[in-house]
There are 2 protein chains.
Amino acid sequence: MLVTDDDRKTWQTVQDEVRLRISQRVWKPGDLIPHEADLATEFGCARATVNRALRGLADAGLLERRRKAGTRVALNPVRRAEFSIPVIREEIEGRGQRYGYKIFLREMRVPPPDVQARLQLDGTQPILHLQTLYTADNRPYVFETRWINSIAVPDVLSAEFEKLSPNEWLVREVAFDGGDFTFSGIAATEQEAAVLGCKLGEGLLVLDRTTRQADRMITSVRLLFHPGYRMHTRC
Amino acid sequence: MLVTDDDRKTWQTVQDEVRLRISQRVWKPGDLIPHEADLATEFGCARATVNRALRGLADAGLLERRRKAGTRVALNPVRRAEFSIPVIREEIEGRGQRYGYKIFLREMRVPPPDVQARLQLDGTQPILHLQTLYTADNRPYVFETRWINSIAVPDVLSAEFEKLSPNEWLVREVAFDGGDFTFSGIAATEQEAAVLGCKLGEGLLVLDRTTRQADRMITSVRLLFHPGYRMHTRC
DNA sequence: ATTATGTTTATGTATATACATATTAACCTG
DNA sequence: CAGGTTAATATGTATATACATAAACATAAT
């Protein structure tokens, strides 16, 4: 017969069923759901399988689990939006556009106080400062102002950035382990409008990013996207 | 003796060690790492334990795993920033500020084409339209323009929104499954400046959000944050 | 040469079992 | 009855084992 009598119980099956019961409000927010052993017998599988399924849902924020207390449906399913922060070249080429970049400025300079704070520097040490415009099909895409802690990453001083943009150079040469992201909105100043080829006062999306490796602050970047840019994600 | 001879090998231990080797470039991006069985013997634990550890790192984007091909260190550790999208009240109260909101507009109206598209409506049906200003310590915090698919959620028509804001009402009454998020930046129009109490043309962060439940589009919101607002996260 | 076919191998998953750990609930004890 | 001790219990983890599955690789058939 053609019926796929696929009674096999995988953790996915269990997870889907639990997710369904939550979304259909069979189990309402705040409710205690049956414990693993009961669900295991109900679904005809091992407790480990149920555990895997429920753990996943707990990680996703849909369930809250505590030893002995049991598992309950989260009261406010902590909605999370996950942005993938791609290499700019890949983002542009992924849209089928031609990627390019141009370094406007490269200097050693003592950074302004806010950058000093983010990079945990003491205010006397000059570090590498770069301003780069990335283009898609020759049109301004994003303007990058980057400070690189060249004390922590001395190799960067000899980098040419001819083939590889600062963005890609760092991704390749330094193993990041974490960072901060901040989105904000600003109106383009005259300078910024000139670089991005837009009108004075246009609204722009700004992404400030600081990355570190093992407690050493590596770089602080401000990305100023072209007008109309939208940072999108699903969840 | 005082030495904690804690030789117990948990998946966390293994994960930490692997993470360390990646960040210290013992295993460089693109490298194939030993397979599970070998790591298991090296760490003196079961393969399942190694599997758990590596699976976690793969989920986090640090490793790429393929059957038969093995496990390799990701070339570009897909940096992900995860934003938690809190209920506005909690975000404001979490900062120790006084929360308030005021509904400016409540009407039934056929939404503009972009909203129609997002909500998958056919352009003839009026739905609920709300404009709400949320305040922190009586100062404008975020201006919300919300369209609710009142065909899918008829109960919303009888909601008063006196105790609960539209935001919280929906979180409580509807079990969302997913949605879209888009960040962008705009310059305040005269109207927007008036509502948010800022100057004409100031740069504002905008968050557009559409949420659905089981393929039914529920609501589409535009959040216009006050000037200087920063959406922040770590990773 | 190109296309099937099969073999090997590393990861993916399921299971029973055992013990660890956090936390509640019940029970003493002063 | 307060306060501490103990038992009960649900989740968390580790392990050995077994089999599933995808993909790379080798080999045979067209």
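Just so we're clear, the structure is a prediction, and the values are computed from it rather than from any experiment.
D38(B) has its CG atom 9 Å from the P atom of dT11(C), to the nearest Å. In this entry the distance linking CG of L39(B) with C1' of dA10(C) reads 12 Å, nearest Å. Atom pair D59(B):CG and dT11(C):C1' shows a separation of 14 Å (rounding to whole Å applied). Computed from coordinates, the E36(A) CD to dT9(D) C1' distance equals 12 Å when rounded to whole Å.
Between T49(A) and dT13(C), a side-chain N or O to OP1/OP2 separation shorter than 4.0 Å is absent. Dashed line: the shortest gap from a side-chain N or O of T71(B) to OP1 or OP2 of dT11(C) is under 4.0 Å. The side chain of R66(A) places no N or O atom within less than 4.0 Å of a non-bridging phosphate oxygen (OP1 or OP2) of dA10(D). Residue R67(A) places no side-chain N or O under 4.0 Å from the OP1 or OP2 atom of dT9(D). In this structure, R65(A) does not reach the dA10(D) phosphate: none of its side-chain N or O atoms is under 4.0 Å from OP1 or OP2. Remark: N51(B) is in phosphate contact with dG12(C), judged by side-chain N or O atoms under 4.0 Å from OP1 or OP2.
Ring geometry, H226(A) versus Y229(A): the interplanar angle exceeds 60°, so the pair is classed perpendicular (tilted spans 30 to 60°).
For R52(B), whose side chain is taken as the heavy atoms from C-beta onward, the closest listed nucleotide among dA16(C), dT11(C), dT13(D) is dT13(D). Comparing dA14(C), dT13(D), dT15(C) by their nearest atom to the side chain of C45(A) picks out dT15(C). Taking the side chain of K68(A) as heavy atoms from C-beta on, and the options dT15(D), dT13(D), dA10(D), the nearest nucleotide is dA10(D).
Side-chain polar atoms of R79(B) and S84(A) form no donor-acceptor pair below 3.5 angstrom. For the 3.5 Å distance criterion, the side chains of T71(A) and R65(A) qualify, holding a donor opposite an acceptor. Side-chain N/O atoms of Y141(B) and E91(B) include a donor and acceptor closer than 3.5 Å.
Residue contacts shown for R47(B) include a base, since a base heavy atom lies under 4.0 Å away. Nucleic acid contact class of A48(A) (heavy atoms, under 4.0 Å, all strands): base.
For the pair R72(A) and E64(A), the salt-bridge criterion is not met [side-chain N within less than 4.0 Å of a carboxylate O].
If A69(A) and G44(B) are placed on DNA chain D by their nearest nucleotide, the residue sitting closer to the 5' end is A69(A).
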